[in-house]
Amino acid sequence: MLWQQLANGATMGMIYALITLGLTMVYGVLRILHISHAGIFALGGYLAVAASRVSPNLAFVTAAAMLGCGVVGVLMQRWLYRPLLAESKVVSLIASIGMFTLMEDLFRLVAGPYVLPLPVRAPFGLDQFETSHMTGNQLVVLIASAALLIAAWFIIHRTRLGLAWRATEQDFETASAFGVNIDRAVGTNFLLGSAIAGAAGALVGFYYNSVYPTMGSVPAYKAMAIAVLGGLGNVWGTVVASLILGLVETFLVISPAGLILPRDSIAFVALILVLLFRPHGLFGRR
Amino acid sequence: MGLYQATVAITVGIFMMLAMGLNIITGYTGQVSLGHAAFFGIGAYTSALLSVKAGMSFWLALPIAAAVTAAIGAILGAISTRLHDDSLAITTIGINFVVVSVFQYTQFFGGALGVGGIEYPSVLGRTLTKPEYLIVVVVCVLLGIWFDRRLVRSWLGLALRAVGQNEEAAESLGVPSAKFKISAFAIGTAYAGVAGSLYAHFMTFISARDFGFPTSISIISMAVFGGLGTLRGAILGSLALGLAPEIFRPLVNYRNLMYGALLLLMMRFQPRGLIGDGSLIWEWLRSIATRRRKAQCAPGGEHDGWQS
Amino acid sequence: MRNPFRWLLIAFTGLVVCSLAVSVISADPIKIGLHAPLTGFAAADGLSVRQSVELAVKQINEAGGINGRPIQLVTYDDRADAKEAVAVAAKLIEQDKVAAVVGGSYSAPMRAVAPIYQQARLPMVAGFAVHPDITRAGDFVFRVGMLGPIEGAAAGEVVGKLLKAKTACQMTMDNDFGRALAEGFRARAAVLGIKIVWETLYPLGEMDFTPYLARLRQLNPDVVFTSGYYNEAAQFCKQAKEMGLKSQILGEEGFDSPKFIEIAGKAAENVIIVTNLNRDDARPAARAFIDGYRKLYKMEPDMVGASNYDAFLVIADALRRAKSTDAKVIRDAIASTRNFDGATGTISGFNALGECTKPIQAQIVKDGQFRYYGEVSDLAIITPPDK
């Protein structure tokens, strides 16, 4: 049973990591609490459903979701956040909340309030792979998210684009002085972050065979908690925090402690405890 | 005044108290609190339990609930001194969740069944009607406004604003920001406690879900929509966003959409809120006031140095 | 950027004016109110409720109405939120002046408005809200749905008598309904000698059951009694199949939705549930709902819809007998309902509290459809408390 539980926890952890990665990337550069990130996550699920009508291949629908969400993410940044940079941070936050509410209701109006299934198959029939320690679906999610996270790491730490982001994170003016096109850096940052959220939406939709309008509600705040836990803006911190949370939740819910503390609160309790001792999160630098 | 109008007005009044209190914490003192509904809940449950389990009358339960909420708010304020900006905002979400979980899962607080049978307030043995209850709510709101105006003009108010504008500068001038953050939380959450008590005795039944994160979002949206940092903003914002669901009711299916759109568009095009400092409407009102002053000053005179 | 805002301001004002201008014009019809969670997290159930009650209204009006007068349904969205429901109640009572109300929303909002309707002396029939205090608000409040402890006890019956199982585990959803179900199940299991090997709570909205299933797989009981709404139900069954759980899964009315089968896919096969709606029911009242719903909406009906369909028909039936729209007369007519044939079964009557007695169905999923499996009609089990 232990191996199965580890697989359970790791899978949840990877899912959390995918969802939170985009959020922490955006925060790193713009210092905005981008709640509508969860809306983009849900959009990924819906785009995957639409794409599944064309081809029931998981890789295909995930790519479609990533493309669509990347574009929407950039549009959102251009139209909503860029003009609000000069204002107080609360304004961006409320604007983001308004956008998220809008998105949720649009999903409901366009696609209906009911849960939609996502009938796709993973490549190489991986989702049929059965062992007593892990289900096929879990294997697919683990592989896909690992691939995406490694790709993200590569882009952030081994390319000039990533360098531009990290420079922008430090200081807008200095980066600009060194020739970084801030506007493009922020735009591409949103693009990648949103694309990854879209992939998360597709994968989660596949894993649970469920896409529904309010699927972003829990990730909206949980991802925030994880992002802060890992240290806002720190990509590695996010991944580590996500995995820890996934495992902790899994082992805690079936223990006696699980009867007192509901699963979704665990993230916040952990957050409050950690922040009491390390106000910048586990790995925060600022 | 009919039942429906009184009902809606009471609800708006309660949220006005909440928005005003949050404005003191987030608007004046700059401490972003996304979990204000937790204190709304603490006030409500305190008042409810005092009424249901101890048979206390509403008139006594309300001030006690406010005091209890303020005390707990002060503790949160103490925690907040260690955190900054976004970490604080997210932690307040966490506090909201934890508080709601406590209400939801502890039998003492009624658990999933909530607390029901809360006494409707009565005066001299006669139960108040809804319009009469509205008068009670209005009185509380007016007291809240009066207190806010006194606060703003006091030394405490100045200190709070200093911390809100620029904490480092304030500290360098000798303002102990930690102490004042705690005061801000205590005062702002006291408002929430009063609102909670009013809510509990109005609904006669409360459950944990009434005080969750979505409610916190509603409250801060009202304050920001109206114009964060201003009392008039909190009042107008709660009026507008409180009445909007009822006004849009005939649009049935599109209500939520309208609400989200309203919020989004307001923030996008008028980030200072409906009537906050720097907003279209407020600047226009001020320009009228200045023009009047100019006209009074010198009919046909040369006072042209004044900019509105 | 000021110009857009001016236009938005004008548009907004226009919208407000339009909304205020949209008023309901009526003279002759009988108005009945409906609370439903049309938007928000419960929107799916809200849609079921609205469609089902509208189906009933359509069927009645097409057959000539009630004593010659058509029914006009006044529906308001309460978002499954208590304070919205309170505003809706005030509106229905004072502005729309309805003759009776169908309470088609969740427990918390219904619990909040029950005292309001009682005080206003307006009859309200709740469809599927389960909070026990709803009917305790007074004699103007009735309920058509099943109470948690009774349904749980029926589940126990199914385990003991129909499945003849000896060991069981309980996965309880952590809300008032789930806990009530668990209580009823536990009590009945004790009487029948079924051993509950493990039981645990899980939070509402949970999607990941793998931690629990790992434990359940290890314990391997005969039956796992799981409570949940269709989302959780589908996830539980799907993941159970993926993880190779051998135990028989027994669910409850929350599972009763075509969505459960759609999402769980093959994993839904052979799942048994205790519920209110028998798809194979031959009675005309049941067929009118099931076939009528399928025909009008091109989708499968569910228990949520069926319960509220019946709640409405109870009111309609009372109106027919009362021959008046006086609230007290209607209330008395509802209270004196006898052997009412509804989609969810034959209601023998309402007790002093306003609760009803009717047999509980057990359905099994076969070939992607709910089919008849059994029935629990032992009065000792299905009779609700009367105070």
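In what follows, every chain begins at residue 1, and chains take the letters A, B, ... in the order their sequences are listed.
For chain A, the nearby part of F213(B) is the side chain; its heavy atoms alone come within less than 4.5 Å. At a 4.5 Å heavy-atom cutoff, the contact between L33(A) and chain B is made by side-chain atoms alone. For a residue to count as touching a neighbouring chain, one of its non-hydrogen atoms must lie under 4.5 Å from one of that chain's; by this rule L80(A) touches chain B with backbone and side chain alike. Of the atoms belonging to I95(B), heavy atoms from both backbone and side chain fall under 4.5 Å from chain A. Proximity to chain B is limited to the side chain of L109(A), based on heavy atoms less than 4.5 angstrom apart. Using a 4.5 Å cut-off between heavy atoms, I217(B) contacts chain A through its side chain alone, with no backbone atom that close.
Within a 6.0 Å sphere centred on CH2 of W284(B), other residues, nucleotides and ligands contribute 12 heavy atoms or fewer.
Atoms OG1 and CE, on T24(A) and M224(A) in that order, are 10.5 Å from each other to the nearest 0.5 Å. Between F40(B) atom CZ and S216(B) atom OG the span is 10.0 Å, to the nearest 0.5 Å.
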| said: side-chain hydrogen bond (donor to acceptor under 3.5 Å, both in side chains), that's the test. Do T92(B) and Q31(B) meet it? Break it down for me. | reply: CA-CA 10 Å; T92(B) 54; Q31(B) 303 301 295; over 6 Å; no
| field | Full working for side-chain hydrogen bond (donor to acceptor under 3.5 Å, both in side chains) between D148(B) and Y28(B) | value | CA-CA 11 Å; D148(B) 186 286; Y28(B) 297 157; 2.8 Å; yes
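Per-residue counts of heavy-atom pairs under 4.5 Å with chain A were compared for I90(B), I220(B), L88(B), L34(B); the largest is that of I90(B). Ranked by heavy-atom pairs under 4.5 Å with chain A, the first of L228(B), T26(B), V224(B) is V224(B). By number of non-hydrogen pairs under 4.5 angstrom with chain B, the leading residue of T101(A), V91(A), I97(A) is V91(A).
Results of the salt bridge (charged side-chain N to carboxylate O under 4.0 Å, His left out) test with D277(B) over R272(B), R232(B), R286(B) single out R232(B) as the only residue that passes.
Using modelled atom types, one side-chain atom of T215(B) and one backbone atom of D210(B) make a donor-acceptor pair closer than 3.5 Å.
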